[in-house]
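Here is the structure we will look at, set down as structure tokens.
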Amino acid sequence: MTDSVVIRKCSGTDEFRRCVALQQQVWNFTDAELVPLRMFVVADKVGGQVIGAFDGPDLIGFALSVPGHRNGHAYLHSHMAAVHERYRNSGVGRRLKLFQREEALSRDILLMEWTFDPLEIKNAYLNIEKLGAIVRRYTINQYGITTSPLQGGLPTDRLIAEWWLKSKRVTALLEEGSFPRPEVATRISVPGPIYEWKASPETRGRAKDVQEHNREQFLRAFAGGLAVLGYERDDEGNGKFLLGKWDEGWSYAS
């Protein structure tokens, strides 16, 4: 099904409107929380990215990024990426990210960042194991309580993925299919049933307990200089963040 999918830049307000519509399908936000059409237009005009995945005339995925600047360095913040449910787990999301990378490198931009939910197992695996992102920061309830059913009414805690586009880690992964495995200093686990726990009012408290417990572990580990450098999944669907010391010096921190 995905052989016919083409990844390219979106162009014009009609394609941007289709991105907004797909966003609504994926997250089911209220109108007040939707990223509006104007933001897609602005991102395209000021050095961001609006990249689409098209199956024939149909938009079946997109990635939206906006430019950022930290300590004298330009980078891209990838604010949102979505894939239609019929095309999930087919590699379209990874292809969108790789197109973002190539476009960024064509402008000598070496860093992309984005946030993701620490409780989302599949997304964490993609970001860390399939793209080579690392994580050194954690924010608590970054977007406030959202109307999206995907969040299950929990605080919007987020990990910040750092994708150093020319790092040894990323280039080894893309060119050789793997990166050097880190020495693991600590592990942080996410139970496979977390999606069901978030979705049901009867079990949501269990998901919140996991979130709060893992939050403390992440904050302690990052304060101690550790980074997320790997991710494991087992046959039961459980996930596990692997943290250790990163031996590359990429940073835009002061």
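What you see is a predicted model; the values in this text were computed from it and never measured.
- The two residues Val50 and Ala43 make their nearest non-hydrogen contact at CG2-CB, 4.3 Å.
- Remark: Ile128 CD1 to Ile134 CD1 distance equals 10.0 Å, nearest 0.5 Å.
- For the side chain to side chain contact (heavy atoms under 4.5 Å, CB included) with Val26, the lone residue among His84, Glu85, Met80, Arg88 that qualifies is Arg88.
- In terms of heavy-atom proximity, Trp114 sits nearest to Ser78 at CB-O, 3.0 Å.
- Interatomic distance, OG of Ser251 versus CG of Asn71, reported as 8.0 Å (0.5 Å rounding).
- Using a 4.5 Å heavy-atom threshold, the side chains of Val184 and Leu243 count as separate.
- Separating the CD1 atom in Ile60 from the CD1 atom in Ile7 is a distance of 6.5 Å, to the nearest 0.5 Å.
- Looking only at distances, no side-chain donor or acceptor of Gln23 sits under 3.5 Å from a matching main-chain atom of Leu34.
- Paired with Asp157 under the rule salt bridge (charged side-chain N to carboxylate O under 4.0 Å, His left out), one option of Arg137, Arg215, Lys208 passes, and it is Arg215.
- Counting non-hydrogen atoms of neighbouring residues, nucleotides and ligands closer than 6.0 angstrom, the CD atom of Gln25 exceeds 12 such neighbours.
- Contact check for Glu33 versus Tyr143: no side-chain heavy atoms found under the 4.5 Å cut-off.
- One distance of note links OG of Ser189 with CD of Gln217; it measures 7.5 Å at 0.5 Å rounding.
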Side chain to side chain contact (heavy atoms under 4.5 Å, CB included) between Leu219 and Ile140: does it pass, once the steps are laid out? CA-CA 10 Å; Leu219 292 174; Ile140 300 172; 4.1 Å; yes
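- Closest heavy-atom contact between Gly61 and Leu96: C-CD1, 4.2 Å.
- Minimum interatomic distance between Asn238 and Pro193 (heavy atoms only, all atoms of both residues): OD1-CD, 4.2 Å.
- When side chains are defined from C-beta on, Tyr87 counts as touching Val5, because their heavy atoms get closer than 4.5 Å.
- Using a 4.5 Å heavy-atom cutoff, the side chains of Lys9 and Gln49 are not in contact.
- A search for side-chain hydrogen bond (donor to acceptor under 3.5 Å, both in side chains) contacts involving Ser11 returns nothing, not counting sequence neighbours.
- Between Leu119 and Gln211 the shortest side-chain heavy-atom distance falls below 4.5 Å.
- Inter-residue side-chain proximity for Arg70 and Leu111 is flagged as met; some heavy-atom pair is nearer than 4.5 Å.
- Looking at heavy atoms from C-beta onward, Asn127 lies out of side-chain contact with Tyr231 at the 4.5 angstrom threshold.
- Classification of Lys122 and Glu129 as a salt-bridged pair fails, no side-chain N sitting under 4.0 Å from a carboxylate O.
- Between Asp117 and Lys198 there is a salt bridge, since at least one side-chain N of the basic residue sits less than 4.0 Å from a carboxylate O of the acidic one.
- Residues Ile160 and Tyr138 fail the side-chain proximity criterion, which asks for heavy atoms closer than 4.5 Å.
- Between atom CG of residue Leu174 and atom CZ of residue Phe179 there is a gap of 11.0 Å, rounded to the nearest 0.5 Å.
- In this structure a side-chain-to-backbone donor-acceptor pair under 3.5 Å is present from Gln24 to Phe29.
- Shown are Glu103, Glu102, Lys97; of these, the side chain to side chain contact (heavy atoms under 4.5 Å, CB included) with Gln100 is made only by Lys97.
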Show every donor-acceptor pair shorter than 3.5 Å between a side-chain atom in residues 166-173 and any protein atom, with sequence neighbours excluded, or say none if there are none.
{"unit_1": "Ser167", "atom_1": "OG", "unit_2": "Trp164", "atom_2": "O", "d": "2.8"}
{"unit_1": "Ser167", "atom_1": "OG", "unit_2": "Val170", "atom_2": "N", "d": "3.2"}
{"unit_1": "Arg169", "atom_1": "NE", "unit_2": "Gly132", "atom_2": "O", "d": "2.7"}
{"unit_1": "Arg169", "atom_1": "NH1", "unit_2": "Leu229", "atom_2": "O", "d": "3.0"}
{"unit_1": "Arg169", "atom_1": "NH2", "unit_2": "Ala133", "atom_2": "O", "d": "3.2"}
{"unit_1": "Arg169", "atom_1": "NH2", "unit_2": "Leu229", "atom_2": "O", "d": "3.0"}
{"unit_1": "Thr171", "atom_1": "OG1", "unit_2": "Ser167", "atom_2": "O", "d": "2.9"}
{"unit_1": "Thr171", "atom_1": "OG1", "unit_2": "Lys168", "atom_2": "O", "d": "3.3"}

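- Put simply, Ile188 and Leu242 are part of two different groups of oily side chains (I, L, V, M, F, W, Y) that touch within less than 4.5 Å, one to the next.
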Check the pair Tyr75 / Leu110 against side chain to side chain contact (heavy atoms under 4.5 Å, CB included), numbers first and verdict last. CA-CA 7 Å; Tyr75 70 99; Leu110 302 180; over 6 Å; no
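- Here the side chain of Asp55 pairs no donor or acceptor atom with the backbone of Asp58 at under 3.5 angstrom.
- For the residue pair Ser178 and Glu176, no side-chain donor N or O sits within less than 3.5 Å of a side-chain acceptor on the partner.
- Going from atom CZ of Phe62 over to atom CZ of Arg18 covers 13.0 Å, rounded to the nearest 0.5 Å.
- Closest non-hydrogen pair, Arg107 versus Gly47, comes out as NH1-O, 2.9 Å.
- Of the possible polar contacts, one joining the Thr156 side chain to the Gly144 backbone as a donor-acceptor pair under 3.5 Å is found.
- Within the cation-pi definition used here (under 6.0 Å to the ring centroid, within 45° of the axis), Arg233 qualifies as a partner of Tyr125.
- Under the 3.5 Å distance criterion, the side-chain polar atoms of Arg101 are matched with a main-chain donor or acceptor of Leu165.
- Geometrically, Arg158 does not engage Phe116 in a cation-pi contact, judged by NZ or CZ lying under 6.0 Å from the ring centre and within 45° of the ring axis.
- Between Arg94 and Lys130, the shortest heavy-atom distance links the atoms NE-O, 3.0 Å.
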